[in-house]
Q: 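If you scroll down you'll find the structure; I have some questions about it.
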Amino acid sequence: MSDHLHLNVNILNAGVFGGSWRLPGTDALASYGIEHYTSIAKKAEAAKLDAVFLADGPLLDPSIRHRTGNSLEPSTVLARIAAQTERIGLIGTLSSSYNDPDELARRLGDLDFASGGRFGWNVVTTAGPVAARNFGRSGEPEHAARYARAAEFTEHVVASWAARTRLVSPQGRPVVVQAGGSSDGRKLASRVAEVVFSADQDLDHARAFRAGLRTGAAGFGRRPEDLVVLPGLSTVIGSTEAEAKARRELLDDLLPDSYARSRLSAQLGFSVDGLADDEPIPAELLVDPDEAGGSQSFYRVVKAIVDRDDPTLRQLLRTLSGGAGHRIVVGTPEQIADDVELWFRSGAADGFNVMPDVLPSGFDDFADHVVPELQRRGLFRREYEGATLRAHLGLGLPAAPEAGSVRALFAPAPAEPAPPASEPSGSVPEPPTVSEPSARTPSEAAPPASAPHVPAPTSEVAS
Ligand SMILES: Cc1cc2nc3c(=O)[nH]c(=O)nc-3n(C[C@H](O)[C@H](O)[C@H](O)COP(=O)(O)O)c2cc1C
């Protein structure tokens, strides 16, 4: 384990809490302005953080009516941040289900070159029917199909970067980040991810999760220390414990109920409307997490809370108000630092993807008070030692996985049934496969001829 922990700030709208945008003194529409991101990034760079992190879903979230949510595309925002910063890493979430691998490889490879080697790609498979409909599909691709594509997609993108002979950044190629803790997610992470963004409520479970990923990586001949695990951490900071708790209470009170319900319904895969607020969710409605269709990680975390606390629906909605299942720590800067130190020293985390309760105020408190406390304890850098994201994370440049080696881990996705007659089959052109090196990337040598064919996410329309 490295002697220093790693910290990113996840710039999520007006803050990770569903009611953040309603906190008095907060600009509800801040996340619609680009300065929101550049100013937080500059603050993060001054605090010597490893990176800024941008989540994303290629959709306009239908719950937008209850919570301001940006839809600024991450690589666009990060390009702007790159132009106004020098050292801070730049990690963007881009879906393997709804992008073209050649175009993404070129775009992110060029961003890495243009930023001086500071880029990281967070690969997600993107759950949910809304994004699928955005791309002309009538339903979300099966979980296994999403990961089968993600495996081939990631392998192809990394091969494309490795094949570049010009416009190569000082860090060689972008860092591969992965978010998705199902068994398929863990397999992909062990094989090819260099950073894993996880969701965990329990220290012992987090230790086992990290150890399992690193053992898996070693099984693929990788160095375990080349896989950095960063759980999400939602923070609510006060100058006293009472002040922090009062802030949390207020944020919970500000949480739009319909937003909380729509978010929980999406995580569980069924609507919680009509369920009794002051009763637990009926156990028979809760499937085994391995059977969940959406994000199995978040399903698992919610089910773990249900199994642990046996909350009523009302209590569960409040517990989740701060981050959909990420752990929430409420307290003084010293108490936050105690928690960070405990998870780091016990091997449960290599650091955290920090999600401040409200932006920018919650991150200002973190940067101004928690980071100096971690530095005082010798847990966090006082100065950058390198100029690239790999340098900040203590990562070398691993060999690109050999062609077909990642795909081979994932059984080919089962063929989806043909769309019902009424569905306009083929009404949306299939995304280009990746077997034909695209001439659209003059800036890089074509990927190896054996580049795998990545099937379009199978769904009714794509057939
Ligand atoms: C910590 C974490 C963060 C995630 N962030 C995103 C995101 O920003 N965008 C997205 O489309 N999916 C995101 N996902 C979801 C998954 O990548 C994807 O939907 C996948 O199906 C779920 O992975 P899993 O079933 O392995 O948990 C995230 C998942 C986790 C665990």
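In each ligand, atom 1 is the first atom listed, and ligand 1 is the first ligand listed. The figures here come from the full heavy-atom set of this structure, side chains too, leaving out hydrogens, waters and symmetry mates.
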Q: Taking the six-membered ring for Trp and the single ring otherwise, decide whether the centroids of Phe352 and His326 are under 6.0 Å apart.
A: no

Q: Given that the side chain starts at C-beta and the backbone is N, CA, C, O, which of these parts of Thr93 lies under 4.0 Å from ligand 1, counting heavy atoms, or is it both or neither?
A: side chain

Q: Give me the nearest non-hydrogen protein atom to atom 6 (C) of ligand 1 as residue plus atom name, then the distance to 0.1 Å.
A: Val124 CG1, 3.7 Å

Q: Would the distance check show the side chain of Gln201 and the main-chain N or O of Gly325 forming a donor-acceptor pair, the cut-off being under 3.5 Å?
A: yes

Q: Give the numbers and elements of all ligand 1 atoms closer than 4.0 Å to a heavy atom of Ala55.
A: 8 (O)

Q: Please indicate whether any nitrogen or oxygen in Arg146 is less than 3.5 Å from any nitrogen or oxygen in ligand 1.
A: yes

Q: Using a strict threshold of under 4.0 Å (side-chain N to carboxylate O), is an ion pair present between Glu194 and Arg223?
A: no

Q: Looking only at heavy atoms of Ser95, does any of them come nearer than 4.0 Å to an atom of ligand 1?
A: no

Q: Looking at Asp50 and Arg381, does any basic side-chain N land under 4.0 Å from a carboxylate oxygen?
A: yes

Q: Please state which part of Asp56 comes within less than 4.0 Å of ligand 1, counting heavy atoms only: side chain, backbone, both or neither.
A: backbone

Q: Any N or O of His326 that comes nearer than 3.5 Å to an N or O of ligand 1?
A: no

Q: Any heavy atom of His143 closer to ligand 1 than 4.0 angstrom?
A: yes

Q: Is there a nitrogen or oxygen of Phe197 sitting under 3.5 Å from a nitrogen or oxygen of ligand 1?
A: no

Q: Taking a cutoff of less than 4.0 Å between a non-hydrogen atom of the residue and any ligand atom, is Arg300 in contact with ligand 1?
A: no

Q: On the 0 to 90° scale, with breaks at 30° and 60°, tag the His143-Tyr147 ring pair as parallel, tilted or perpendicular.
A: tilted

Q: When only distance counts, is Gly57 in polar contact with ligand 1, meaning an N/O pair under 3.5 Å?
A: no

Q: Is the shortest N/O to N/O distance between Ser295 and ligand 1 below 3.5 Å?
A: yes

